[in-house]
Participant: 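One structure coming up, written as structure tokens, with questions to follow.
In each ligand, atom 1 is the first atom listed, and ligand 1 is the first ligand listed. Note that this is a predicted model, so its numbers are computed, not measured.
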Amino acid sequence: MREFKIYEPEVLFDMKTGKFTSDKTVSSKKLLKDLVHVFQDEKARLLMNQDQVVYDVDCYFPVKEGKNGGLFWGVTRINPGKVGNEYFMTRGHFHAQIDTAEFYWGIEGEGVLIYMDQDGNSWGEYMRPNSLHYIAGCIAHRVANVGDVPLVFGACWPSDAGHDYDTISKNGFSARLKEENGIPTLVKE
Ligand code: PA5
Ligand code: MN
């Protein structure tokens with residue numbers, strides 16, 4: 001006999017704060033000591049408190065990583081701060097399945113989403129509450145917090161996209177987001 005049940009959702013997600021209510025989510029953190037050679041001024045990074053959290057990510061993975069046709073959902077929170085004159089930011093990556101896209105959207109705070117194509121062209125887009133960003137396939141992406149409060153943004157990406165961090169750790173982005181005369185500026189590497 002067929003059953004026609006209505007279930008409670010396994011995850012609650014607050015669109016205004018980016019907070020989840022569920023034990024089905026996975027959290028990870030990046031401290032300053034985890035971000036060796038991510039920022040240009042390695043000396044300045046080493047002089048700072050290494051246990052400081054630069055960013056954390058909460059993710060909901062409803063299917064297995066690598067599954068074709070599924071989706072993942074995550075929220076990143078980047079603390080305000082700078083290493084030298086470079087804003088706190090995520091490591092940044094291409095997707096391992098390079099031609100897979102992603103949505104980001106701003107929830108709280110102010111930032112810049114930095115894009116780079118495979119020819120090394122970089123550009124930025126301001127991120128603020130309600131901004132929506134389509135990251136096309138084959139484009140590396142990272143986010144910097146340019147404000148005085150945590151920057152919170154959401155992400156939704158294909159479960160078979162994966163993350164390629166190696167290309168960025170070898171070659172970097174072609175531009176870095178620095179504070180110049182009080183203004184966030186993309187500076188050629
Ligand atoms: O899937 C994404 O693009 C995001 O959820 C990022 O993984 C997150 O913002 C952290 O950045 P990174 O993966 O570059 O450390
Ligand atoms: Mn991504």
Participant: With the Mn ion (ligand 2) at the centre, find the angle made by NE2 from His141 and OE1 from Glu102, to 10°.
Facilitator: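 My answer is 90°, to the nearest 10°.
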
Participant: Number the atoms of ligand 1 from 1 as they appear, then name those within less than 4.0 Å of a heavy atom of Arg91, with their elements.
Facilitator: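 Heavy-atom distances to Arg91 below 4.0 Å select 14 (O), 15 (O).
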
Participant: Does atom CG of Asn49 have more than 12 heavy-atom neighbours from other groups under 6.0 Å away?
Facilitator: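 Yes, CG of Asn49 has more than 12 neighbouring heavy atoms, counting only those of other groups under 6.0 Å.
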
Participant: Check this for me, if you would: do Arg128 and Glu110 make a salt bridge, where the nitrogen-to-carboxylate-oxygen distance has to be below 4.0 angstrom?
Facilitator: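 No salt bridge links Arg128 with Glu110.
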
Participant: Only heavy atoms count here, so choose which of Tyr104, Trp157, Trp73, Phe153 is nearest to atom 3 (O) of ligand 1.
Facilitator: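 Nearest heavy atom to atom 3 (O) of ligand 1 lies in Tyr104.
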
Participant: Between Phe72 and Pro158, is any pair of side-chain heavy atoms under 4.5 Å apart?
Facilitator: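 Side chain of Phe72 against side chain of Pro158, heavy atoms only: no contact under 4.5 Å found.
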
Participant: What do you reckon, does Glu102 have a nitrogen or oxygen under 3.5 Å from a nitrogen or oxygen of ligand 1?
Facilitator: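 Checking ligand 1 against Glu102, an N or O pair does fall under 3.5 Å apart.
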
Participant: Check this for me - ligand 1, Val57, N or O atoms closer than 3.5 angstrom, yes or no?
Facilitator: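 Between Val57 and ligand 1 (N or O atoms, distance only) the closest approach is not under 3.5 Å.
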
Participant: What's the shortest distance from atom 11 (O) of ligand 1 to any protein heavy atom, and which residue and atom give it?
Facilitator: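 Scanning the protein heavy atoms, the shortest distance from atom 11 (O) of ligand 1 goes to Thr90 CB, 3.4 Å.
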
Participant: Distance from Lys16 atom NZ to Ile107 atom CD1, nearest 0.5 Å?
Facilitator: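 Interatomic distance, Lys16 NZ to Ile107 CD1, rounded to 0.5 Å: 12.5 Å.
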
Participant: Does a donor on one side chain sit under 3.5 Å from an acceptor on the other, for His95 and His163?
Facilitator: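 Their side chains do not contain a donor-acceptor pair, so the 3.5 Å distance test is not met.
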
Participant: For the pair Lys30 and Leu35, evaluate side chain to side chain contact (heavy atoms under 4.5 Å, CB included) and give the outcome as yes or no after the intermediate values.
Facilitator: CA-CA 7 Å; Lys30 289 284 172 242; Leu35 300 173; 4.1 Å; yes

Participant: Select one of side chain, backbone, both or neither to describe which atoms of Tyr55 lie under 4.0 Å from any atom of ligand 1, heavy atoms only.
Facilitator: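 Under 4.0 Å from ligand 1, Tyr55 contributes side-chain atoms alone.
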
Participant: Can you tell me if Lys19 has over 12 outside heavy atoms packed within less than 6.0 Å of its NZ?
Facilitator: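 Incorrect, the count does not exceed 12.
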
Participant: Does Tyr165 come within less than 4.0 Å of ligand 1, judged by its heavy atoms?
Facilitator: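 Checking ligand 1 against Tyr165, which is what was asked, there is a heavy-atom contact under 4.0 Å.
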
Participant: Could you tell me whether the side chain of Val143 reaches within less than 4.5 Å of the side chain of Met127, counting heavy atoms only?
Facilitator: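 Contact flag for Met127/Val143 side chains = yes.
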
Participant: Could you tell me whether ligand 1 has any atom less than 4.0 Å away from a heavy atom of Gly92?
Facilitator: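 Heavy atoms of Gly92 do come under 4.0 Å of ligand 1.
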
Participant: Can you tell me if His163 has an N, O or S atom under 2.8 Å away from the Mn ion (ligand 2)?
Facilitator: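 Not a single backbone or side-chain N, O or S atom of His163 is under 2.8 Å from the Mn ion (ligand 2).
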
Participant: Decide whether the shortest distance between a heavy atom of His141 and an atom of ligand 1 is less than 4.0 Å.
Facilitator: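 For ligand 1, residue contact (heavy atoms, under 4.0 Å) with His141 is present.
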
Participant: Which N, O or S atom name in His95 marks its closest approach to the Mn ion (ligand 2)?
Facilitator: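 Looking at His95, the N, O or S atom with the least distance to the Mn ion (ligand 2) is NE2.
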
Participant: Please state whether His163 comes within less than 4.0 angstrom of ligand 1, counting heavy atoms only.
Facilitator: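 Heavy atoms of His163 do come under 4.0 Å of ligand 1.
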
Participant: How close does the nearest protein non-hydrogen atom get to atom 9 (O) of ligand 1, and which residue and atom is it?
Facilitator: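 For atom 9 (O) of ligand 1, the nearest protein heavy atom is Thr76 OG1, 2.8 Å.
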
Participant: Using ring pair (Phe, Tyr, Trp, His ring centres under 6.0 Å) as the criterion, point out the one residue from Tyr104, Trp157, Trp105 that pairs with Trp73.
Facilitator: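 Answer after filtering Tyr104, Trp157, Trp105: Trp105.
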
